[in-house]
Amino acid sequence: MEAQNQEVAALVEKIAGLHAAISKLPSLSPSAEVDALFTDLVTACVPASPVDVAKLGPEAQAMREELIRLCSAAEGHLEAHYADMLAAFDNPLDHLARFPYYGNYVNLSKLEYDLLVRYVPGIAPTRVAFVGSGPLPFSSLVLAAHHLPDAVFENYDRCGAANERARRLFRGADEGLGARMAFHTADVATLTGELGAYDVVFLAALVGMAAEEKAGVIAHLGAHMADGAALVVRSAHGARGFLYPIVDPEDVRRGGFDVLAVCHPGDEVINSVIVARKVGAAAAAAAARRDELAESRGVVLPVVGPPSTCCKVEASAVEKAEEFAANKELSV
């Protein structure tokens, strides 16, 4: 335990030093210095770590929250820079690999799709919303082009300039793909009836950066999405929580969803993924009671490995509770 505490302390000290250096930068636009500092930060945060950011002291918590906002700002500058670069080509979509992290989006989108079809059996979405799409809507693009060829994607972002940059990427694109991508400038908090039309809603990692903000967004989605619709939420785990907000699955449940799976990748895919399904009020109450019963018997939330690499998938809390009940009936 002492060795683990020392490891956590050393990591937090290193990240605090990087935070201090990043905070002093005159600009977060792409440059050799900016790129080097954020590369060091990602390198420090990606490996498996025993750190639990929820247990950090107030000073470290404040540092982490500010660091996430700095990461968000830098990511925005980086994406805008590459969106403008790609838009200079006759067919921007032929040059996506120029973005240094494009492969990560490809892998993350595949993971999300694999989890979605595995834990929401029979789902065949025709209308999909992506909230927080940004100037480089790689996730929607990859999902539309490779995994959901029959779905229309409605992309939402609060920034009109980001949406304009995103639209320019589809100049010269295949008519079928381009026709299935729409971009809207709106805050998710202002969306109501629109949300009820989607079969799946994807929630980007940086929409709602503080825990209470994220919980509020999820609750809003739960109030307006259709019963049975799927929600895919990006989160983080371990030291990766210094880069992106960590979403508590209980906040997803309280928002009116049944949590079907939580996946924490251990590879270059940085974000964790939560897959949930919107349920009605009665079903939500029943699910809450069922989960309380399961947790009282030592059953935890369904944490699974990526479908493509997981040799043994842990049964969900629902499945374990049902198995427990069945065995109890047989023993009576």
Side-chain angles (χ1 to χ4, degrees), residues 22 25-43 68-113 128-149 151-188 202-207 209 234 243-244 268-271:
I22 291 170
L25 290 170
S27 169
L28 293 176
S29 295
S31 69
E33 186 177 14
V34 170
D35 294 348
L37 283 171
F38 279 99
T39 296
D40 288 347
L41 178 63
V42 172
T43 300
I68 290 174
R69 295 187 185 279
L70 289 168
C71 288
S72 175
E75 189 171 308
H77 284 297
L78 181 69
E79 291 192 1
H81 171 79
Y82 275 92
D84 291 341
M85 176 191 295
L86 292 171
F89 292 99
D90 290 337
N91 191 340
L93 299 187
D94 290 341
H95 303 275
L96 299 181
R98 289 175 178 268
F99 184 69
Y101 306 111
Y102 177 65
N104 290 351
Y105 283 94
V106 171
N107 293 333
L108 174 57
S109 297
K110 183 180 187 305
L111 170 63
E112 290 173 323
Y113 172 76
V128 175
F130 196 99
V131 179
S133 49
L136 288 179
F138 286 147
S139 298
S140 292
L141 172 62
V142 172
L143 288 163
H146 300 293
H147 304 300
L148 297 172
V152 172
F153 280 74
E154 303 276 347
N155 298 279
Y156 291 92
D157 199 283
R158 294 188 301 181
C159 179
N163 284 325
E164 185 55 37
R165 284 186 165 100
R167 290 188 189 97
R168 290 186 349 223
L169 296 179
F170 290 87
R171 186 185 68 256
D174 171 78
E175 289 186 3
L177 178 61
R180 292 191 291 118
M181 301 289 285
F183 298 91
H184 308 285
T185 301
D187 189 318
V188 65
F202 288 84
L203 184 61
L206 293 172
V207 176
M209 286 184 276
R234 292 180 178 177
L243 304 173
Y244 291 102
E268 70 278 2
V269 175
I270 294 175
N271 290 113

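Residue numbers run from 1 in the order of the sequence given.
Leu206 is listed as a side-chain neighbour of Met209, based on a closest heavy-atom distance under 4.5 Å. Taking 4.5 Å as the limit, some side-chain heavy atom of Leu86 sits within range of a side-chain heavy atom of Leu169. When side chains are defined from C-beta on, Phe183 counts as touching Phe170, because their heavy atoms get closer than 4.5 Å.
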Evaluate the side-chain contact (heavy atoms from CB on, under 4.5 Å) criterion for residues Leu78 and Tyr101: first the C-alpha distance (whole Å), next the side-chain angles of each, then the deciding distance (0.1 Å), finally the verdict.
-> CA-CA 10 Å; Leu78 181 69; Tyr101 306 111; 3.8 Å; yes

For Val269 and Asn104, what are the C-alpha separation, side-chain angles and deciding distance, and is it a side-chain contact (heavy atoms from CB on, under 4.5 Å)?
-> CA-CA 6 Å; Val269 175; Asn104 290 351; over 6 Å; no

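If you run ring-ring contact (aromatic ring centres under 6.0 Å, His included) between Tyr82 and each of Phe89, Phe99, Tyr102, only Phe99 comes through. Considering Leu111, Leu108, Leu243 as possible partners of Asn271, the one that fulfils the side chain to side chain contact (heavy atoms under 4.5 Å, CB included) test is Leu108.
Atoms CZ and CD, on Arg180 and Glu154 in that order, are 12.0 Å from each other to the nearest 0.5 Å. Note: Asn107 CG to Ile270 CD1 = 11.5 Å, rounded to the nearest 0.5 Å. Between the CE atom in Met85 and the CZ atom in Arg98 there is a gap of 7.5 Å [rounded to 0.5 Å]. Between Tyr156 atom OH and Ser133 atom OG the span is 10.0 Å, to the nearest 0.5 Å. The line from OG1 of Thr185 to CG of Asn163 is 4.0 Å long, rounded to the nearest 0.5 Å. Rounded to the nearest 0.5 Å, atoms CG (Leu177) and CG (Leu93) are 6.5 Å apart.
Ion pairing between Asp90 and Arg171 fails under the 4.0 Å rule for side-chain N and carboxylate O.
Looking only at distances, a side-chain donor or acceptor of Thr39 sits under 3.5 Å from a matching main-chain atom of Asp35.
Annotation: Glu268, atom CD; neighbour count of heavy atoms from other residues, nucleotides and ligands within 6.0 Å is above 12. Within 6.0 Å of the CZ atom in Arg158, the count of heavy atoms belonging to other residues, nucleotides or ligands does not exceed 12.
A side-chain donor from one of Tyr244 and Glu75 sits under 3.5 Å from a side-chain acceptor of the other.
Counting all heavy atoms, side chain and backbone alike, Pro30 lies closest to His77 at CD-O, 4.0 Å. Between Val34 and Ser27, the shortest heavy-atom distance links the atoms CG2-O, 3.4 Å.
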Only pairs under 3.5 Å count here: list side-chain donor-acceptor contacts from residues 134-148, not counting sequence neighbours, and write none if there are none.
residue, atom, partner, partner atom, Å
Ser139, OG, Arg234, NH1, 3.2
Ser139, OG, Arg234, NH2, 2.7
Ser140, OG, Asn155, OD1, 2.5

